[in-house]
Amino acid sequence: MSLPTLDALAAFLHDALGADAYPPEERGGVFHAPATRVAAGRPLTRLGLALDPWPGLRAWAARGAFDAVFLHRPWRLAQGTLGPEVGVVYAHLPFDEHLTTGDNAPLAAALGFRTREVLGRKQGRPIGMLGDVSPRPVADALALVTRVFGGVEAVVLPAPARTVAQVAVVGAMNDALVREAAARGAGLYVTGQLRAAARAAVDETGIAVAAVGHEESERWGLGALADLVGSRWPALQVAIADAPAAGLLHPPSTADQP
């Protein structure tokens, strides 16, 4: 069964995250290539996923015997930190907008969207989505969001309680976006963090809000990325950095295996 090279992995992420829609400096790609041509062209067998560099990153990578590491924010990673044979790939804004609280197909599936439409744009790119769901009490809709993300940071509930038949997920929260979501039928607005500037719109429209937390949404995105890569290369071992001091093994996907 085939395995990716570092360049093939970077190209796959570029396409999967729609990187062509972003300025060149925001597209991500290979951050550090292995020092030798042999290592650079060698198929990857183990890949680590993390949000940021941290002091224990080298030890974690060594324990995992990773051929490469994905970092969401690699900026503080010094050349050679992971050793000369370990490659580093990254994606920042494309990851945020496609695998956290944005126009996120895996999240739409996890939340039970039956349809998916764009809600909100920034520089022409979608920054959110709106989807029909099976009608349910707002408490049940919030419970599903809590299960999907493993918790929520803050909640705003309408009074009186309402039935939710459409959910908005948006990687920003301002007056105009909240009012657009409510006008298009959303009963629940899911985002990373509550914004005071949108509170009047929330109160006036009666929309419920679930703020899942910025880092929590990114950590959900790492899991979605592991699934995405695993579905493309089922034999590739992928480990997610569960905490700054540890890695949690995400087993190879069984999708598409004979």
Side-chain angles (χ1 to χ4, degrees), residues 15-18 21-22 91 93-158 160-195 198 201-228 231 255:
D15 292 342
L17 300 178
Y22 297 83
L93 196 54
F95 175 93
D96 279 334
E97 293 185 353
H98 291 284
L99 290 179
T100 68
T101 51
D103 186 26
N104 181 339
L107 181 56
L111 294 176
F113 280 22
R114 298 182 297 195
T115 62
R116 178 166 137 248
E117 301 175 5
V118 170
L119 197 160
R121 291 184 181 272
K122 181 178 181 181
Q123 298 176 349
R125 301 187 309 271
I127 58 169
M129 59 184 179
L130 178 71
D132 291 329
V133 297
S134 298
R136 65 198 67 180
V138 66
D140 291 350
L142 287 167
L144 175 58
V145 172
T146 301
R147 288 196 301 273
V148 167
F149 285 97
V152 294
E153 188 175 84
V155 168
V156 178
L157 286 172
R162 60 193 293 184
T163 297
V164 173
Q166 288 187 304
V167 174
V169 179
V170 193
M173 187 180 185
N174 59 40
D175 188 278
L177 287 168
V178 169
R179 293 185 190 277
E180 179 184 352
R184 293 173 61 180
L188 175 63
Y189 191 99
V190 180
T191 191
Q193 295 177 301
L194 289 179
R195 299 299 182 188
V202 171
D203 292 342
E204 291 169 18
T205 62
I207 197 170
V209 180
V212 301
H214 181 71
E215 184 172 346
E216 288 74 9
S217 71
E218 292 179 336
R219 296 208 59 76
W220 191 94
L222 285 183
L225 181 62
D227 290 337
L228 187 67
S231 68

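Here, residue 1 is the first one in the sequence, and each next residue gets the next number.
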Rounded at 0.5 Å granularity, tell me how far [atom1] in [X] sits from [atom2] in [Y].
| X | Y | atom1 | atom2 | answer |
| --- | --- | --- | --- | --- |
| Q123 | Y22 | CD | OH | 10.0 Å |
| Y189 | L119 | OH | CG | 7.0 Å |
| L111 | M129 | CG | CE | 6.0 Å |
| L107 | F113 | CG | CZ | 7.0 Å |
| H214 | D96 | NE2 | CG | 6.0 Å |
| L225 | H98 | CG | NE2 | 13.0 Å |

Greater than 12 external heavy atoms within 6.0 Å of Q193's CD: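 Correct, the count exceeds 12.
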
At their closest point, which heavy atom of [X] faces which heavy atom of [Y], and how far apart are they?
| X | Y | value |
| --- | --- | --- |
| V133 | G112 | CG1-O, 3.9 Å |
| T101 | G192 | OG1-N, 3.9 Å |
| F149 | S217 | CE2-CA, 4.0 Å |
| A105 | R116 | CB-NH1, 3.6 Å |
| P135 | R114 | CD-NH2, 4.2 Å |
| G120 | L177 | CA-CD2, 3.8 Å |

Within the side chain of [X], is there an N or O that forms a donor-acceptor pair under 3.5 Å with the backbone of [Y]?
| X | Y | answer |
| --- | --- | --- |
| T115 | D132 | yes |
| R184 | A168 | no |
| T100 | E218 | no |

Stepwise side chain to side chain contact (heavy atoms under 4.5 Å, CB included) check, V169 with N104: CA-CA 8 Å; V169 179; N104 181 339; 5.9 Å; no

Test side chain to side chain contact (heavy atoms under 4.5 Å, CB included) applied to D103 and E97, step by step: CA-CA 6 Å; D103 186 26; E97 293 185 353; over 6 Å; no

Residues V202, M173; criterion side chain to side chain contact (heavy atoms under 4.5 Å, CB included); working and verdict: CA-CA 10 Å; V202 171; M173 187 180 185; 3.6 Å; yes

Note, L142 side chain near V152 side chain (heavy atom, < 4.5 Å):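 In short, these two side chains do not touch, never coming nearer than 4.5 Å.
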
Worked verdict on V145 versus L188 for side chain to side chain contact (heavy atoms under 4.5 Å, CB included): CA-CA 10 Å; V145 172; L188 175 63; 3.9 Å; yes

